[in-house]
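Everything on this sheet refers to the single structure shown next.
Chain letters run A, B, ... following the sequence lines, proteins first and then strands; every chain starts at 1. For the numbers below, each heavy atom of this structure counts, side chains included, while hydrogens, waters and symmetry mates do not.
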Amino acid sequence: MYTSLVSHTPKINQQLARYGVKFGIYKNGVFNERLFPFDAVPRIIEADAWDELERGLIQRVDALNAYLKDLYGAKQIIKDGVVPSDFAFASSGYLPQCEGITPPRGIYSHISGIDLVEGQNGEWYVLEDNLRIPSGASYPLVARTLCRRCDAETFRGGPMRDNRDYGERLRRVMDAVNCGGINVVLTPGRFNSAYFEHSYLAEKAGAVLAEPSELFVENEKLYFRDAAANRRVGTVYRRLSDEFLDPLCFNPESLIGVPNLMSAYRAGNVAIVNAPGNGAADDKGIYYFVPKMVEYYLGEKPILKNAPTYLPFYPDDMTYVMDNAEKLVIKDVAEAGGYGVVFGCDLEPQALGALKDSIRREPRRFIAQEVIDFKCLPTYIGGEFVPRKADLRAFVLSGEHTEVWPSGLTRYAREAGSSVVNSSQGGGFKDTWVLSR
Amino acid sequence: MGSLSLEKVDHLLWLGRYVERTYTTMRFIISTYDAALDSTEGNWKGQLEELGFNEQTDDPIEFFNDCLFNKANTSSIAHAMDAAYGNAVTLRDVIGTESIAYVQMAVNSIEAAEASDAPLLDLQLVFDDIMAFKGCVDDYVADDAARNIIKCGISIERLDLYTRLAYHLDRLPQETHKLASRIDRIGVPYDKAHFKAVVDAVFAPDFPEGATYEKLGALLVHIAGIFK
């Protein structure tokens with residue numbers, strides 16, 4: 001289906017360079033921009049498989065939104081002992097400053113990036129929920145446009161669903177929660193690793209791209225400093241972390257926040273997309289409880305599976321992890337971007353022993369998972385098709401209702417045998433074709 | 001005017017200035033290089049030293065490479081184009097990805113020319129990219145104010161460079177009138193009568209013979225005041 005498309009891979013990558021499709025990376029304190037290598041062999045998801053995946057993703061995100069509303073409100077799930085109290089509140093993503101705030105429409109996670117892998121048995125497993133500021137939607141968006149341009153034969157009447165409406169979907173989400181005013185994409189600035197995406201999504205969603213210095217709060221309302229006349233902001237799609245969002249509420253040393261933004265949010269005068277405090281639900285440790293949340297809040301059986309996960313926090317799980325560390329993948333819950341992920345089988349005995357000591361000392365800091373032997377995808381490297389491990393970040397948007405973008409960011413490992421797909425560690429990306437029939 | 005903060009106005013103006021700085025400086029460097037081929041008196045650096053190219057070298061190739069490609073030299077075209085790019089990428093929601101792509105291409109073309117065995121020939125692509133960028137801005141940027149602020153930047157940079165280099169002085173009156181018309185379209189308030197008086201004093205009937213750096217400088221200072 002994609003044979004003729006693949007021959008255009010170098011030209012598509014040239015066009016991606018032309019459009020500046022890059023991500024930033026800091027190495028030794030120096031900022032560099034890198035192109036994100038694109039492989040034209042797509043991930044293809046059949047219509048039936050997508051239907052199941054879509055239902056599972058909507059179910060999962062609805063449960064996570066319900067959890068956040070409960071956590072910062074009635075805390076019934078804690079009272080009922082489904083999620084242990086000290087576990088929920090010990091999460092570094094839990095922000096007491098968000099207690100009692102109900103965001104517009106009660107939505108906390110508007111843009112959810114759910115990382116999945118497909119096992120050898122064809123079953124999908126969720127590896128991680130990203131409910132803060134998940135990146136990556138812009139890349140397949142640009143790539144699809146270029147692929148269509150260079151290979152009409154493949155796309156004319158093809159069964160792949162169009163994915164180029166992400167900007168419109170994002171705009172609808174921002175409009176749905178808007179408290180009166182313009183939509184703004186708030187970026188920390190051009191030296192952020194995902195700056196291309198910030199600016200591209202602002203353009204595609206018809207929102208204003210703003211840096212913190214261009215926004216201010218007055219009388220608990222957020223304004224954009226327009227050269228002609230200040231303009232009220234109704235929704236801010238922030239692409240900076242919670243701790244930097246408002247120096248008067250969170251990190252007082254933040255130079256990239258908007259003072260008093262939280263007071264405007266608390267007063268219900270602006271929607272913050274995604275809501276501050278969401279880290280309490282996408283913590284790698286809380287991940288363990290998400291299937292339980294689905295049952296608790298929705299009364300349904302979870303459609304999507306977690307990778308088998310152990311919390312050393314629990315004595316039984318600690319025993320299992322100590323006995324089987326060499327065949328597990330150990331994750332530091334405080335890390336992201338592929339960092340802090342260690343495969344026990346890759347460690348020398350001494351290093352494995354040191355890791356076990358760390359787990360014993362700080363059991364809350366780690367989770368352990370069975371290694372999922374996930375599927376490789378054919379990838380065109382060096383003029384031939386080779387198998388490479390690949391994951392999928394699906395984007396779930398919650399506004400008027402919860403919907404899944406029929407596409408996603410498929411990241412692949414560049415090296416044979418490697419499971420590390422992160423762009424910051426050399427991975428590339430593919431388009432994701434969801435078939436309509 | 002759409003939503004333009006003062007920061008964005010500043011980026012638009014400097015985008016225009018840096019794009020034009022790259023274009024005009026590159027033309028000037030190439031014409032100086034060409035003249036240097038025939039130079040027998042050792043003054044092959046021409047007026048480039050006045051543009052800040054103070055490389056202490058007797059090797060013409062090294063000197064011109066520095067003028068073109070040394071990003072650490074803030075007068076080089078590579079530096080100017082990088083600065084244009086730095087301003088452009090903050091404006092994607094205003095001028096669009098299509099326009100920014102030409103700035104990106106110009107940056108890429110400079111890097112490719114540096115690695116080329118015929119760099120001056122390959123720099124033609126940079127001229128092409130810049131001209132395409134200007135055309136794209138004209139055709140594609142819907143916001144009148146944004147479009148005209150970029151053009152103001154282009155005009156200001158031309159006036160500045162032409163004055164410093166006493167280059168194309170005959171074009172200064174026309175460029176000044178173009179600038180005035182663009183300022184009017186942005187809607188920036190300024191004292192039109194005073195501006196006209198300054199312009200008339202500079203472009204007196206004896207211009208350009210009677211022009212002095214003081215008069216031209218006063219005009220530039222006045223223009224800078226409008227944009228403060």
Side-chain angles (χ1 to χ4, degrees), chain A residues 13-24 31 33 35 138 141-142 145-146 167 171 181-192 194-216 223-234 237, chain B residues 1-15 71 81-112 125 128-129 132-133 136 140-146 148-149 152 186-189 227-228:
Chain A
N13 274 291
Q14 277 172 15
Q15 289 289 305
L16 290 169
R18 174 194 195 278
Y19 284 110
V21 181
K22 299 174 188 177
F23 65 93
F31 178 79
E33 285 183 314
L35 295 170
S138 60
L141 201 53
V142 185
T145 305
L146 297 174
R171 188 189 61 73
I182 60 171
N183 293 330
V184 160
V185 175
L186 174 60
T187 174
R190 68 163 292 227
F191 296 110
N192 182 272
Y195 185 74
F196 167 78
E197 170 148 310
H198 304 169
S199 62
Y200 191 73
L201 291 183
E203 181 190 10
K204 292 298 166 193
V208 172
L209 179 68
E211 295 189 18
S213 62
E214 293 169 281
L215 300 177
F216 70 98
Y223 292 93
F224 175 74
R225 288 182 208 277
D226 194 293
N230 294 328
R231 301 184 71 179
R232 171 102 184 264
V233 177
Y237 178 25
Chain B
M1 192 190 279
S3 289
L4 290 179
S5 62
L6 286 175
E7 284 88 341
K8 281 192 175 150
V9 169
D10 191 55
H11 286 306
L12 286 163
L13 191 72
W14 279 100
L15 170 59
K71 289 186 180 180
M81 204 61 228
D82 271 5
Y85 172 76
N87 284 284
V89 293
T90 65
L91 297 164
R92 196 180 298 277
D93 57 326
V94 180
I95 65 173
T97 292
E98 287 300 327
S99 306
I100 294 174
Y102 291 108
V103 178
Q104 175 72 64
M105 285 165 70
V107 171
N108 296 350
S109 297
I110 290 175
E111 287 172 0
L125 286 176
D128 297 347
D129 295 335
F133 169 73
C136 194
Y140 188 84
V141 176
D143 189 311
D144 282 344
N148 281 296
I149 294 168
C152 282
I186 297 170
V188 175
F227 282 91
K228 260 188 179 165

Q) Are B/E98 and A/E203 side-chain neighbours, meaning at least one heavy-atom pair lies under 4.5 Å? A) no
Q: Return the minimal non-hydrogen interatomic distance between A/S213 and B/E7, and the atom names on each side.
A: OG-OE2, 3.1 Å
(Q) Under 4.5 Å from any heavy atom of chain B, what part of A/Y19 do you find: side chain, backbone, both or neither? (A) both
Q: Compare every heavy atom of B/N108 with every heavy atom of A/A17, then report the nearest pair and how far apart it is.
A: O-ND2, 3.6 Å
(Q) Which atoms of A/R18 are under 4.5 Å from chain B, going by heavy atoms: the side chain, the backbone, both sets, or neither? (A) both
**Q.** Engaged part of A/Q15 at the chain B interface, taking heavy atoms whose separation is under 4.5 Å
**A.** neither
Q: Using the test side-chain hydrogen bond (donor to acceptor under 3.5 Å, both in side chains), find all partners of A/N192 that sit at least two apart in sequence or belong to another chain.
A: none
Q | Greatest number of heavy atom pairs closer than 4.5 Å to chain B - which of A/A210, A/A202, A/G20 | A | A/G20
Q: Against chain A, label B/I100 side chain, backbone, both or neither, depending on which of its atoms sit under 4.5 Å from a heavy atom there.
A: neither
Q: For the pair A/D226 (side chain) and B/S5 (backbone), establish whether a donor and an acceptor sit closer than 3.5 Å, ignoring hydrogens and angles.
A: no
Please output the side-chain donor-acceptor pairs of residues 86-96 of chain B that fall under 3.5 Å, not counting sequence neighbours, one pair per line with the distance.
from, atom 1, to, atom 2, distance (Å)
B/N87, OD1, B/H11, ND1, 2.8
B/N87, ND2, B/A83, O, 2.9
B/T90, OG1, B/N87, O, 2.7
B/R92, NE, A/S199, OG, 2.7
B/R92, NH1, B/T97, OG1, 3.1
B/D93, OD2, A/L209, N, 2.7
B/D93, OD2, B/K8, NZ, 2.9

**Q.** A/Y195, part contacting chain B, at a heavy-atom distance under 4.5 Å
**A.** side chain
Q) For the atom pair CZ (A/R225) and CG (B/L4), what is the distance rounded to the nearest 0.5 Å? A) 15.5 Å
Q.
Is A/A205 in contact with chain B via its backbone, its side chain, both, or neither, using a 4.5 Å heavy-atom distance?
A. neither
Q | Structural part of A/I182 lying under 4.5 Å from a heavy atom of chain B | A | side chain
(Q) Distance check, rounded to the nearest 0.5 Å: B/Y85 atom OH versus A/R190 atom CZ? (A) 6.0 Å
